[in-house]
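Letters A, B, ... are given to chains in the order of the sequence lines, protein chains preceding strands, and every chain is numbered from 1.
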Amino acid sequence: MRMHKAMTNLEIAELLRAVAAAYQLQSESKNRFRIIAYQRAADSVEHSSSELKDLWDEGKLNEIAGIGPSISKHLDELFKKGSSSHFSQVMKGLPPQMFELMIIPGIGAKTAYKLVTEFGSKISEKNPIGDLEELAKEGKISTIENFGQESEKDILRSIAEVKGRSKRHLLPYADRIADEVIEWLKKENEVLKADPLGSLRRCASTVGDVDIAVATKNPQKVLNHFTKFPKAQRILEKGGATSSIVVPSDMQVDLMVQPQDRYGALLQHFTGSKHHNIALREFALKKNYSLSEYGIRKRGAKGLKKFATEESFYNFLGLDWIPPELREDTGEIKAALNHQLPKLVEVREIKADLQIHSSFDVETSHDLGESSMEEIVNKANSMGYEYVAFTEHNPSHSRHSEGQIVDILRRKKEAIAKLNESIKGVKSIKGAKRVYNSLEIDILPSGKLPVTEKGLETLDFALVSIHSSFRLSKSQMTKRVISGLMHPKVKIFAHPTARKLTQREGIDLDWEKIFDFCIKHDIWVEINCDPMRLDLPDFLVKEAVGLGIKLTLGTDSHHVDHMDNMEFGVSVARRGWAEKKDIINTRSLEEFEKMIK
DNA sequence: GCCGTTTTCGGCCCGACTGTTTTCAGTCG
């Protein structure tokens, strides 16, 4: 039998969306909710933290919300045979081009189908979007029934948008822009309150648009002031309650304005996430309430209950206020109902930075830090830390003999001993009482570590991580990592997925096995605070926390300024429901010292 | 087609915008 390459979650989600689109073309009204069911299943599959194929192997498909007996049956066939007769049947006769056209904003199933059937082979399978663009430019679209000049222009605009679709932005850039906009807004006296919204407020690892809420009695004046933001390159729209501008890096900034007595509902609605809001409205519906960005309405009754704060909004529904980082529909509503929300870890509780690269020359083949050990200790002092760990990359084993590597590591050990000597007993100095001698060691593709026993002996503890051969199979990669974690000096598995946001996907690992090993051998898992990594990712943090795995925060700083990125790592921890107890570097120096021995 | 601390049957999130329309369908966030 021919082996099919297992479909990824994203591919399965696309397939389910295609099935939903196919049902949309059938006009029977009973399909209405079936369409929604398929779209929901697609969303859930896309956001699932485990590969669907693995769940299927274990007979756990039903654990995915939105997958019931019927879809489950079709997926079973899909995994067994490589296709599903039911899905094929539903999509029979539909032109494949239409699914690609649906990428274009404003074009849904019906519009896509109509366009493809109308123009036939003029919209090719090879380049449907390009062909549609040509047709629009030639003015052919506006000749079709129910399409006019405006829809033609819309299609051209949207295609241009898809082509130049700017990537999502890293969290710190969005954060900085939002700060600047809010600072600018507050220069206008009519601005009573201003806060970021959306994925930025939820501290997602990447952000599309920046959305900002303002409470005011004078919307027009605020919106006018907003469009004069000095860095605004373009004004996209300016309405009565919203306005949009574009700032450098092609970032869109939207402003939403409401009177102060409705500000709570506004914040709640536009903070999202979409899935959280849907779940919340379904919850409210059972109590016969209908929610919107304006407030809460009793179903069938007139009048709107307004909310000045989000706390009062959630409390009205019988829920505790839910921190924005948790609003992803992963159980937070139930927890809020039962008063069982976690007490999330906070930046001020962090007492150490457990991944820093100094400029001490360990003659590594990777990048060295730019700041001296002394500069870093001073910075740690100013941040109120009690300890730090120096974790330069291991010395290059291709350029040095084993003996030379040990010599280098001994020199580093001496330097750190001296540094500790110079600050030991100075009780009046807050922070950085202890400097730990560590090393970030590559896990080679073989699973071996490129530092010998004698070299490892010089360390207080070691971090290990992946920096090469990212595309090994899941089983090989899992074996490699576990082998790398074996040595007793190894305490921390650093940037575990090795992903680079907007650049590179993470490696393929059997997380159940990895986490299991970490629990049994008391290995800690890092949340790397580098904004381009934010690794362990939030959904895996949540799994790890659920299993009782201990996490560490490390900024991976290569310059003292990078040490300020700690807050972004804390955001990831919070998104993963982590409390103070789950994070190793909330421990005092005394506690940490005991744990490391 | 899914789902259940009011339901295993009878429900299923909300509002806005847009264009092509004389009352609405399609799409989006």
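Among the protein residues, A/Tyr294 comes within range of the sugar-phosphate backbone only, with heavy atoms under 4.0 Å from sugar or phosphate atoms but none that close to a base. Counting any heavy atom pair closer than 4.0 Å across all strands shown, A/His276 reaches no nucleic acid atom. Residue contacts for A/Ala65: at a heavy-atom cut-off of 4.0 Å it reaches the sugar-phosphate backbone alone, with no base atom in range. A/Gln149 comes within 4.0 angstrom of sugar-phosphate atoms only, judged by non-hydrogen atoms across all strands, and of no base. At the heavy-atom level, A/Ile35 lies nowhere under 4.0 Å from the strands shown. A/Leu285 comes within 4.0 angstrom of the backbone, heavy atoms only, and of no base. When heavy atoms are screened at a 4.0 angstrom cut-off, A/Ile107 is found touching the sugar-phosphate backbone but no base atom. At the heavy-atom level, A/Ile278 lies under 4.0 Å from base atoms of the strands shown. Looking at heavy-atom distances under 4.0 Å, A/Ala41 makes no contact with the nucleic acid at all.
Side-chain contact between A/Val257 and A/Leu223 is present, with heavy atoms from C-beta onward closer than 4.5 Å.
Of the candidates B/dT27, B/dG19, B/dG15, the closest approach to any side-chain atom of A/Arg297 belongs to B/dG15. Counting only heavy atoms from C-beta on, A/Ser292 has its side chain closest to B/dG15 among B/dG1, B/dG15, B/dG19. Considering only the side chain of A/Arg299, B/dC12 comes nearest among B/dG19, B/dC12, B/dG1. Of the listed nucleotides (B/dG1, B/dT7, B/dT20), B/dT7 has the atom at the smallest distance from the side chain of A/Lys286. Closest to the side chain of A/Thr111, out of B/dG1, B/dT27, B/dC12, is B/dT27. When distances are taken from the side chain of A/Ser290 to each of B/dC14, B/dT27, B/dT20, the shortest belongs to B/dC14. Of the candidates B/dT6, B/dG1, B/dT27, the closest approach to any side-chain atom of A/Ile71 belongs to B/dG1. Side-chain proximity of A/His86 to B/dG15, B/dG1, B/dG19: nearest is B/dG1. Looking at the side chain of A/Phe33, the nearest of the listed nucleotides B/dC12, B/dC2, B/dC14 is B/dC12. Nearest to the side chain of A/Ala37, among B/dG19, B/dG26, B/dG1, sits B/dG1.
In this structure, A/Phe307 and A/Phe313 have perpendicular ring planes: the angle between them is above 60°, well past the 30° mark. Ring orientation note: the planes of A/Tyr314 and A/His276 are tilted relative to one another, at an angle of 30° to 60°.
In this structure, A/His339 places its NE2 atom 17 Å from P of B/dT5, rounding to the nearest Å. Going from atom CD of A/Glu293 over to atom C1' of B/dC17 covers 12 Å, rounded to whole Å. With rounding to whole Å, A/Asn62 atom CG is found 8 Å from B/dC3 atom P. One can place CZ of A/Arg40 at 12 Å from P of B/dC12, the figure rounded to the nearest angstrom. Distance CG (A/Asp154) to P (B/dC17): 15 Å, rounded to an integer number of Å.
Counting only N and O atoms by type, the side chains of A/Trp56 and A/Asp76 include a donor and acceptor under 3.5 Å apart. Side chains of A/Trp511 and A/Glu543: no donor on one and acceptor on the other come within 3.5 Å.
Only the P atoms considered, B/dT23 is 23 Å distant from B/dA16, to the nearest whole Å. Rounded to the nearest Å, the gap between the C1' atom of B/dC12 and that of B/dT7 is 13 Å. Spacing of C1' atoms, B/dG10 relative to B/dC17, comes out at 32 Å, to the nearest Å. Across the P atoms, B/dT20 and B/dC14 are found 30 Å apart, a figure rounded to whole Å. B/dC2 and B/dT8 have their C1' atoms separated by 12 Å, with the value rounded to a whole Å.
Regarding the sugar-base torsion, B/dT7 falls in the syn class, its angle being within 90° of 0.
Across every strand in view, B/dT8 sits unpaired, with no contact that passes the Watson-Crick or G-U test at under 3.5 angstrom.
Residues A/Lys80 and A/Glu77 are not paired through a salt bridge, judged by the lack of any N-O separation under 4.0 Å between the basic side chain and the carboxylate. A salt bridge links A/Glu310 to A/Arg327: one of the charged nitrogens lies within less than 4.0 Å of a carboxylate oxygen.
Residue A/Lys110 has a polar side-chain atom (N or O) positioned under 4.0 Å from OP1 or OP2 of B/dG26. Put simply, A/Asn146 has no side-chain N or O that comes within less than 4.0 Å of OP1 or OP2 on B/dA25.
Between A/Ile36 and A/Glu152, the one whose closest nucleotide on DNA chain B sits nearer the 5' end is A/Ile36. The residue among A/Gly108 and A/Arg157 whose nearest nucleotide of DNA chain B is located toward the 5' end is A/Arg157.
Nearest approach of A/Pro128 to A/Gln97, heavy atoms of both residues: CB-CB, 4.0 Å.
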